Amino acid sequence: MCDTRKRQKRLAVINDFTGFGRCSLTVSIPVISQLGVQCCPVPTSIFSNHTAFPSFYFEDYTEKMPAYIAEWKKLNLTFDGIQIGFLGSHRQISVVQDFIRSFRSDRTLVLVDPVMGDNGTPYALYDEHMQAAMRQLAAEADILTPNLTEACILTSTPYRSEGWTEEELFTLAGRLTAMGAQKVVISGIPMGQELGNVLAEKGQAPQIIRSRRVGTERCGTGDIFSSILAADAVNGVSLGMSVRKAADFISECILITESFDTPLTDGVCFEEILHKLRR
């Protein structure tokens, strides 16, 4: 039954919960809330702190997820959007596909951030079996937000860190939309003193949105980026405007973080400027 009551926009966010390090759900919840959207988390696992630290506590939540989700079904919850972050097993990908089938309606936007690797290397658990499963999930996305490494993995394209022409990047993005995604943003592509984000939407000419490259790459910025895009999308903000907002916000976060001399593992001090985000 369709929920026709007047309410805030509502976004289900499927990702891990990491207590320290400013990433995943601990980033998404405040960012999405600041943009006037109700954030409804579905935890995939629990970390005391993220895996870039020398040690961490970890609890896999995979087997608990179906029972957790079943309670939402009993409540007949509906969502304006579903945002999907890091998934650590083939089983989790399957659970998420079931979640989409259960909660997606013709007004539900699905954003998939295919967290599979970085700097040209897949994460160890993303073997060929996992990569194939993620390709299936990526095909269900309304918005797909891979980095350059992930875009290459998904399309079986040889990776290189730099020297891409616009035509090559547009072709890469086109391969992703051909797989099924309605809109694609390939994020954080090094372009000299700038970072580029390639936007491709079915039926429209692709484009590159550039932002000034500042500071050092830090944990959690991808989660901020995808959370802004997901919240903006359910609020009706155009993708191009949202990408510019997210890129500018992250740049400012990095600059203020470096003024505090914050360790790289601690992410960005987004709390200092969170008030600047507007729906």
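If you're wondering where the values come from, they're calculated on a predicted model, not measured in any experiment. If you read the sequence from its start, that first residue is 1, and numbering goes on from there.
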Next on the checklist: Has D142 got a side-chain atom pairing as donor or acceptor with V110's backbone, closer than 3.5 angstrom?
Outcome noted: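 A pair under 3.5 Å: yes.
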
Nearest heavy-atom pair of [X] and [Y]: which atoms, and what distance?
X	Y	value
R104	A141	NH2-C, 4.5 Å
A200	T177	O-CG2, 4.1 Å
S226	D113	OG-OD2, 3.8 Å
T149	G120	OG1-N, 2.7 Å
I32	C39	CG2-CB, 3.8 Å

Looking at side-chain heavy atoms only, is the closest gap between [X] and [Y] below 4.5 Å?
X	Y	answer
V27	V268	no
I100	I84	yes
I250	F225	yes
C269	T262	yes
S187	T145	no

Item to check | Evaluation steps, side chain to side chain donor-acceptor pair (under 3.5 Å), between S24 and N15 | outcome: CA-CA 6 Å; S24 57; N15 207 343; 5.1 Å; no

Next on the checklist: Please evaluate residues L125 and S89 with respect to the criterion side-chain contact (heavy atoms from CB on, under 4.5 Å), reporting the C-alpha separation (whole Å), side-chain torsions for both, the decisive distance (0.1 Å), and the verdict.
Outcome noted: CA-CA 8 Å; L125 61 87; S89 68; over 6 Å; no

Could you check whether the rings of [X] and [Y] sit parallel, tilted or perpendicular, using 30° and 60° as the cut-offs?
X	Y	value
Y123	F86	perpendicular
F79	W72	tilted
F56	F47	tilted

Next on the checklist: Quick one, R10 with C40, criterion side-chain contact (heavy atoms from CB on, under 4.5 Å). Give me CA distance, side-chain angles, the key distance, then yes/no.
Outcome noted: CA-CA 7 Å; R10 186 184 290 157; C40 305; 3.6 Å; yes

Item to check | same_hphob_cluster(L239, L195) at 4.5 Å side-chain heavy-atom cutoff | outcome: no

Next on the checklist: Check for me, please, whether Y61 and F20 land in the same ILVMFWY cluster - side-chain distances under 4.5 Å, paths through other members count.
Outcome noted: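 Different hydrophobic clusters.
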
Checklist entry - For R160, does the CZ atom sit with more than 12 other heavy atoms under 6.0 Å from it, leaving out its own atoms? => result yes

Checklist entry - Looking at L154, L144, L172, which one forms a side-chain contact (heavy atoms from CB on, under 4.5 Å) with V184? => result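 Per the side-chain contact (heavy atoms from CB on, under 4.5 Å) rule, the option paired with V184 is L144, out of L154, L144, L172.
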
Item to check | side-chain contact (heavy atoms from CB on, under 4.5 Å) between M191 and I208, intermediate numbers included | outcome: CA-CA 11 Å; M191 296 180 172; I208 297 177; 3.9 Å; yes

Next on the checklist: Check D80 with R7, please: is the shortest side-chain N to carboxylate O separation under 4.0 Å?
Outcome noted: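 Salt bridge flag = yes for D80 with R7.
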
Next on the checklist: I'd like to know if D266 pairs up with R22 as an ion pair, taking the criterion as any Lys NZ or Arg NE/NH1/NH2 lying under 4.0 Å from an Asp or Glu carboxylate oxygen.
Outcome noted: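 Answer for the salt bridge query: no.
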
Next on the checklist: Using the rule given for side chain to side chain donor-acceptor pair (under 3.5 Å), can you reason through T257 versus R218, listing the C-alpha separation, both sets of side-chain angles and the distance that settles it, and then say yes or no?
Outcome noted: CA-CA 10 Å; T257 299; R218 289 177 175 269; 5.3 Å; no

Checklist entry - Can you tell me how far CG of L148 sits from CD of E150, rounded to the nearest 0.5 angstrom? => result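 So the CD of E150 and the CG of L148 are separated by 9.5 Å.
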
